[in-house]
2 protein chains.
Amino acid sequence: MTTPTSDWLRLDQQICFSLHAASRAFNGVYRVILKDLGLTYPQYLVMLVLWEQGDLPVKKLGEHLRLDSGTLSPLLKRLEAAGLVRRERSARDERSVEVRLTEEGTALRESALQVPRRVAAATGFDVDEIRALRTRLDELTTALDAAAVDAAALEEKA
Amino acid sequence: MTTPTSDWLRLDQQICFSLHAASRAFNGVYRVILKDLGLTYPQYLVMLVLWEQGDLPVKKLGEHLRLDSGTLSPLLKRLEAAGLVRRERSARDERSVEVRLTEEGTALRESALQVPRRVAAATGFDVDEIRALRTRLDELTTALDAAAVDAAALEEKA
DNA sequence: GGCAACTTAGTTGTGCACAACTGAATTGTG
DNA sequence: CACAATTCAGTTGTGCACAACTAAGTTGCC
C-alpha cells in the first residue's frame, strides 16, 4: 500500500506548499492587523525582540530572528525613519551598532499588546492547539537547519 | 493559571514566528536540493502544477498556487528564458496566456522525482507525521484566509 | 608593535510577494 | 448595436530574504 512514486510530486502532498501557503496567509492577517501600528510583519518581529530584550546590537537581533545584516540593515533604517528606533555605533566596539528604542518605540508596545489575541482569534485554534503546532514547527525548523548545514558541508567537499 | 498579558508578546510564544522560521528553513533546504535543477522553490512549485495539470492559463496557475499575476508574470518570464515553458496568447480568448511545457520542461520532471524523498529525509519526520502536520497547516490557512477576508470586508465599510 | 585572521554592518544584485494600477479583450444589458 | 462592467496579464513600486562582497574595527600571535 505504498504511494506510487509518480504521486510524490502531487502539489497537495507537499508539506512545503502547505507551510508556504500558511506562512503567506499569516502574513496577510498581520498586514491587516499591523496596519494601524504602521508596521510590517518583519518589523513587528524586530520590535517584539526589542521590547522583550531591551536595546541590542544588530548582531544579537539577527541571532534572535535568524536574519542577517543584509535583511536587517534596510529594515532598521525604515524603523529609524519612522522614529521607533535609533542606531548608534557602540563606543566600546566601533564595529557594532546598538539598536535602541525611542520613547515612541517603547510606547508602541501598549498598542501591540492586543495583536496576539487578535491573531489567535483569526486562527480559530485554541491555546493548546497552537502550542502543539508551534512545538512541531520548531522541531521541523531544527531538523531542516541541520540538514541544510549538512548539505552545505557536502558541497564544500566537492 | 492563565498567561499574563505581558507574556503574550514573547517571541517564543508567537506561532507566526515558528511558522515564518520553518518556512524559511524549508526554503533553505530547497535552495540546496533544487540548485541542480536550476530552479528556485517558487519556480519548482509552478513546474509541479504544470507537470500535474498540463498546460494552463496564467489565471488557473495562480489559483492553484494562490499567487497573482504580479508574482507569476516575471517568474514565468524567467522560466521561459530558461527554456522550460512557452507563453502563448490563447486564440479563443486573447486576454488569456497559455503556459505550456517545452520538451525540456517536461523532461525535467524525471530529475525532480527524487526531490520529495530528499526533502522528506531532511525533515526527519515520517510519512504520517508529515501528513498530520500538513492537515493542520491547511486548516490554519483556511481559517486565516477567511479571517483576512472578513477584516478586509470590515475595512470596506469604514 | 605589527600583521594576519576574524568580526560586524552595510551594500549590491537577484528573486519572491503583494498592492495598486494600466490596457486590452470579453461579457452582459439595454 | 453600444457601452458599461468585468476579466486577464502585465507593470510599477515597496518591502523582505539571502548570497556575495566590501570596509572598518578588533583580537590573537609572534
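Only this structure's heavy atoms are used, side chains among them; waters, hydrogens and symmetry mates stay out. In what follows, chains are A, B, ... by sequence order, proteins preceding strands, each numbered from 1.
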Any idea which heavy atoms bring V115(A) and L34(A) closest together, and the distance?
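Closest pair (atom of V115(A), atom of L34(A), distance): CG2-CD2, 4.2 Å.
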For the student: nearest non-hydrogen atoms of L50(A) and L56(A), plus distance
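For L50(A) versus L56(A), the nearest heavy atoms are CD2-N, 4.3 Å.
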Sequence neighbours left out, what pairs pass ring-ring contact (aromatic ring centres under 6.0 Å, His included) with at least one residue falling in residues 37-91 of chain A?
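Sorted result for residues 37-91 of chain A: Y30(A)-Y41(A), Y30(A)-Y44(A), Y41(A)-H20(B).
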Please tell me which of N27(B) and L76(B) maps to the more 5' nucleotide of DNA chain D, matching each residue to the nucleotide holding its nearest heavy atom.
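By nearest-heavy-atom nucleotide position, the 5'-most residue is L76(B).
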Of all the choices, dG10(D), dA17(D), dC18(C), which nucleotide is nearest to the side chain of V58(B) once you look at every atom?
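Out of dG10(D), dA17(D), dC18(C), the nucleotide with an atom closest to V58(B)'s side chain is dG10(D).
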Can you tell me which residue among D138(A), I130(A), T135(A), L140(A) is in a side-chain contact (heavy atoms from CB on, under 4.5 Å) with S18(B)?
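Per the side-chain contact (heavy atoms from CB on, under 4.5 Å) rule, the option paired with S18(B) is D138(A), out of D138(A), I130(A), T135(A), L140(A).
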Rounded to whole Å, how long is the line connecting atom [atom1] of [X] with atom [atom2] of [N]?
X: K59(A); N: dC6(C); atom1: NZ; atom2: P; value: 14 Å
X: L19(A); N: dA17(C); atom1: CG; atom2: P; value: 13 Å
X: R24(A); N: dA17(D); atom1: CZ; atom2: C1'; value: 15 Å
X: R89(A); N: dA24(D); atom1: CZ; atom2: P; value: 11 Å
X: H20(A); N: dG15(C); atom1: NE2; atom2: P; value: 16 Å
X: D145(B); N: dC18(C); atom1: CG; atom2: C1'; value: 14 Å
X: L34(B); N: dT14(C); atom1: CG; atom2: C1'; value: 16 Å
X: F26(A); N: dC18(C); atom1: CZ; atom2: P; value: 15 Å

Under 4.0 Å between a side-chain N/O of K77(A) and OP1 or OP2 of dT11(C), yes or no?
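Answer yes for this pair, as a side-chain N or O of K77(A) is under 4.0 Å from OP1 or OP2.
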OP1 or OP2 of dG10(D) less than 4.0 angstrom from a side-chain nitrogen or oxygen of R87(B), does that happen here?
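Yes, R87(B) has a side-chain N/O under 4.0 Å of OP1/OP2 on dG10(D).
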Across the strands shown, which category fits K60(B) at heavy-atom distances under 4.0 angstrom: base, sugar-phosphate, nothing?
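Nothing, no nucleic acid heavy atom in range.
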E80(A)/R86(A) ion pair, N-O < 4.0 Å:
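Result for this pair is no, no salt bridge flagged.
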Applying salt bridge (charged side-chain N to carboxylate O under 4.0 Å, His left out), name anything that partners R66(B), two or more places apart in sequence or on another chain.
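In terms of salt bridge (charged side-chain N to carboxylate O under 4.0 Å, His left out), with neighbours along the sequence ignored, R66(B) is linked to D145(B).
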Any residue meeting salt bridge (charged side-chain N to carboxylate O under 4.0 Å, His left out) with E129(A), in chain and number order, not counting sequence neighbours
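Partners of E129(A) by the salt bridge (charged side-chain N to carboxylate O under 4.0 Å, His left out) criterion, ordered by chain and then number, come out as R136(B).
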Give the C-alpha distance, both sets of side-chain angles, the deciding distance and a yes or no for side-chain contact (heavy atoms from CB on, under 4.5 Å) between V85(A) and R100(A).
CA-CA 5 Å; V85(A) 306; R100(A) 305 188 190 285; over 6 Å; no
Per the side chain to side chain donor-acceptor pair (under 3.5 Å) rule, what does the pair list look like for residues 110-125 of chain A, sequence neighbours excluded?
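Every candidate side chain to side chain donor-acceptor pair (under 3.5 Å) pair involving residues 110-125 of chain A fails, so no pair, neighbours aside, qualifies.
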Those residues of residues 67-75 of chain B lying under 4.0 Å from DNA chain C by at least one heavy atom:
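L67(B), G70(B), T71(B), L75(B), in order of number.
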Can you list, by residue number, the residues of residues 91-99 of chain B that have a non-hydrogen atom closer than 4.0 angstrom to DNA chain C?
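Those residues whose heavy atoms fall under 4.0 Å from DNA chain C, taken from residues 91-99 of chain B in numerical order, are R92(B), D93(B), E94(B), R95(B).
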